[in-house]
There are 2 protein chains.
Amino acid sequence: MSIQHVLLGVLEARPMSGYELTQLFSASTRWVWSAPQSQIYPALKTMEAAGLITGEQLQTGGRVRTVYSITEPGLAELRQWIGTAHPSPPSRDALDVQALYFDLVEPAVAKRVLTEFIAEQQAAAEHATAHSARLLAKDTELLRERLSHRPAAEHDRMARLKAHVFAGQAAVAEARIAWAREGLRLLDEA
Amino acid sequence: MSIQHVLLGVLEARPMSGYELTQLFSASTRWVWSAPQSQIYPALKTMEAAGLITGEQLQTGGRVRTVYSITEPGLAELRQWIGTAHPSPPSRDALDVQALYFDLVEPAVAKRVLTEFIAEQQAAAEHATAHSARLLAKDTELLRERLSHRPAAEHDRMARLKAHVFAGQAAVAEARIAWAREGLRLLDEA
DNA sequence: GAGTGCATGTAAAGTGTTACATGATTAC
DNA sequence: GTAATCATGTAACACTTTACATGCACTC
């Protein structure tokens, strides 16, 4: 179900084609969610059949593409989903399992695993922090689209709420970095 | 693949039956990993066929059960997996998406979602902290099994490494709680 | 004898990933 | 003309969850 709600959330900003959505959700974008295009096109079909979105054939230059817009029922479904607490899925972190058994490998090997993890999380933290700052400055295309159909009085609050999400991602990444550094120390102890 | 490595890690402590493993991995245990029994039994069959574990029929009282032990190739595979850095799966957190669109619902509704999340994470943090303390005190059945076939000189280090994993889970939960509390504040702002 | 716990499976469905496949348009 | 980008799909597989199913042993 989730992918559908995430798509609804994006389409609330403005109508988009499947291709635009695949760009936004591609792993390289590292947005809050990622999904391969093989998942997005079928989901759009399903959602259109369910009446949550409507597709319209548009001609841009010589190109034809199907642009999907969120419908009233789609918006209602989105609001309903946002307002419902969904229990967190059971934690399933491979690194936690690896770390649990670090005593089975050479300390140097374990340290390399943690070092690579730290580098990865640092990149994630920086990315999230930068995106948070951009949102706070209302400096992303999607946010500007959203603000354009909302009263100016709400703009600051909206930007702060959205920036906060990415600030939270950065905070989690930093907590995990601190944890990994402590792990490096522990591996050196006798 | 992961479930197989997690199972190998557990079986490194001592041989176990499928039933024991399902107990350990049941959602209620809230260990580092969870898996339903429908996943565990087929995985054990696959692993036995691959030579990573061997099953032995044992009679306990009037009961027959198949007890699986890790083999040399299984231990080698486990060590290999532990020593390899696996890139983190793309983040896919429903609450992050919900929070991104909190401006679409009443503040009171959004606050209820965050409040429930905080309660959930607090429970998780307490559970992880308690388990970390138990490991540090070498006060879990599984850890004692592991220590029993390892030199005493390594015991403290092993306990510290394992306790550290759950301390990390608690730290992440606490970071998310702090984030959610800040979210509650932001929702009240104009 | 009835209920709980031990013990082991299969089936169906949902979700997600990787790979394969195609064709048109625009920019160089 | 050729490469990159736009644009849209299908197929096969892996992983996970929920539900269905069975039967024996032990306790009350």
Side-chain angles (χ1 to χ4, degrees), chain A residues 1-8 15-50 53 55-68 81 86-94 97, chain B residues 1-8 15-50 53 55-68 81 86-94 97:
Chain A
M1 287 282 117
S2 289
I3 180 68
Q4 301 199 7
H5 293 107
V6 177
L7 288 168
L8 285 176
M16 280 193 198
S17 70
Y19 184 75
E20 278 179 286
L21 290 164
T22 61
Q23 301 296 103
L24 185 61
F25 286 99
S26 82
S28 61
T29 311
R30 293 196 306 177
W31 194 58
V32 276
W33 204 269
S34 85
Q37 122 304 31
S38 64
Q39 214 188 345
I40 290 172
Y41 286 105
L44 290 171
K45 294 279 177 194
T46 307
M47 290 160 75
E48 190 178 23
I53 58 176
E56 192 190 357
Q57 302 279 322
L58 277 194
Q59 189 97 19
T60 321
R63 250 177 204 126
V64 183
R65 66 220 175 95
T66 308
V67 172
Y68 294 95
W81 181 79
H86 309 286
S88 302
S91 88
R92 204 166 279 131
D93 188 312
V97 179
Chain B
M1 287 285 114
S2 289
I3 181 66
Q4 300 197 9
H5 293 107
V6 177
L7 287 168
L8 286 175
M16 280 193 200
S17 70
Y19 185 75
E20 279 180 286
L21 291 164
T22 61
Q23 301 296 102
L24 185 61
F25 285 99
S26 83
S28 61
T29 310
R30 293 197 306 178
W31 195 58
V32 278
W33 204 270
S34 85
Q37 132 286 44
S38 64
Q39 214 187 342
I40 290 172
Y41 286 106
L44 290 171
K45 294 279 175 192
T46 308
M47 291 160 76
E48 190 177 23
I53 57 177
E56 191 191 356
Q57 303 278 322
L58 276 196
Q59 188 99 17
T60 320
R63 250 180 204 120
V64 183
R65 64 220 178 96
T66 309
V67 172
Y68 293 94
W81 181 78
H86 309 287
S88 301
S91 88
R92 203 166 280 131
D93 189 310
V97 180

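All chains are named by letter (A, B, ...) in the order of the sequence lines, taking the proteins before the strands, and each is independently numbered beginning at 1. Everything numeric in this text was worked out from a predicted model, so none of it was measured.
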### Query
Looking at residues at least two apart in the chain, or sitting in another chain, which of them share a salt bridge (Lys or Arg N to Asp or Glu O under 4.0 Å) with A:Glu20?
A:Arg14, A:Arg65
### Message
So, taking the atom named CE in A:Met47 and the one named CD1 in A:Ile53, what distance separates them when rounded to the nearest 0.5 Å?
### Response
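The distance works out to 4.5 Å.
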Are [X] and [Y] packed together at the side-chain level, in the sense that at least one heavy-atom pair is separated by less than 4.5 angstrom?
| X | Y | value |
| --- | --- | --- |
| B:Leu7 | B:Gln4 | no |
| B:Val6 | B:Phe25 | yes |
| B:Val32 | A:Asp93 | no |

Nucleotides 25-28 of chain D: which of its N/O atoms have a protein N/O under 3.5 Å away?
{"residue": "D:dC26", "atom": "OP1", "partner": "B:Gly62", "partner atom": "N", "Å": "3.2"}

### Query
Over how many whole Å does the gap from A:Lys45 atom NZ to D:dA7 atom C1' extend?
12 Å
### Task
Residues of residues 32-44 of chain A with any non-hydrogen atom less than 4.0 angstrom from an atom of DNA chain D: list those, numerically ordered, please.
A:Gln37, A:Ser38, A:Tyr41
Distance-minimising heavy-atom pair for [X] and [Y]:
| X | Y | value |
| --- | --- | --- |
| A:Ser91 | B:Trp31 | OG-O, 4.3 Å |
| B:Gln23 | B:Thr29 | O-OG1, 2.8 Å |
| A:Thr66 | A:Gly55 | CG2-CA, 4.0 Å |

### Query
When you match A:Ile3 and B:Thr66 each to their closest nucleotide on DNA chain C, which lands nearer the 5' end?
B:Thr66
#### Entry: Partner residues of B:Arg92 under the side chain to side chain donor-acceptor pair (under 3.5 Å) criterion, sequence neighbours left out
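Side chain to side chain donor-acceptor pair (under 3.5 Å) check on B:Arg92 returns A:Ser34.
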### Query
How would you give the extent of chain B contacts on DNA chain C, as first and last nucleotide 5' to 3' within a 4.0 Å heavy-atom cut-off?
C:dG5 to C:dT17
Enumerate, atom names and distances included, each donor-acceptor pair closer than 3.5 Å involving a side-chain atom of residues 38-45 of chain A, sequence neighbours excluded.
{"residue": "A:Tyr41", "atom": "OH", "partner": "A:Tyr19", "partner atom": "N", "Å": "3.3"}

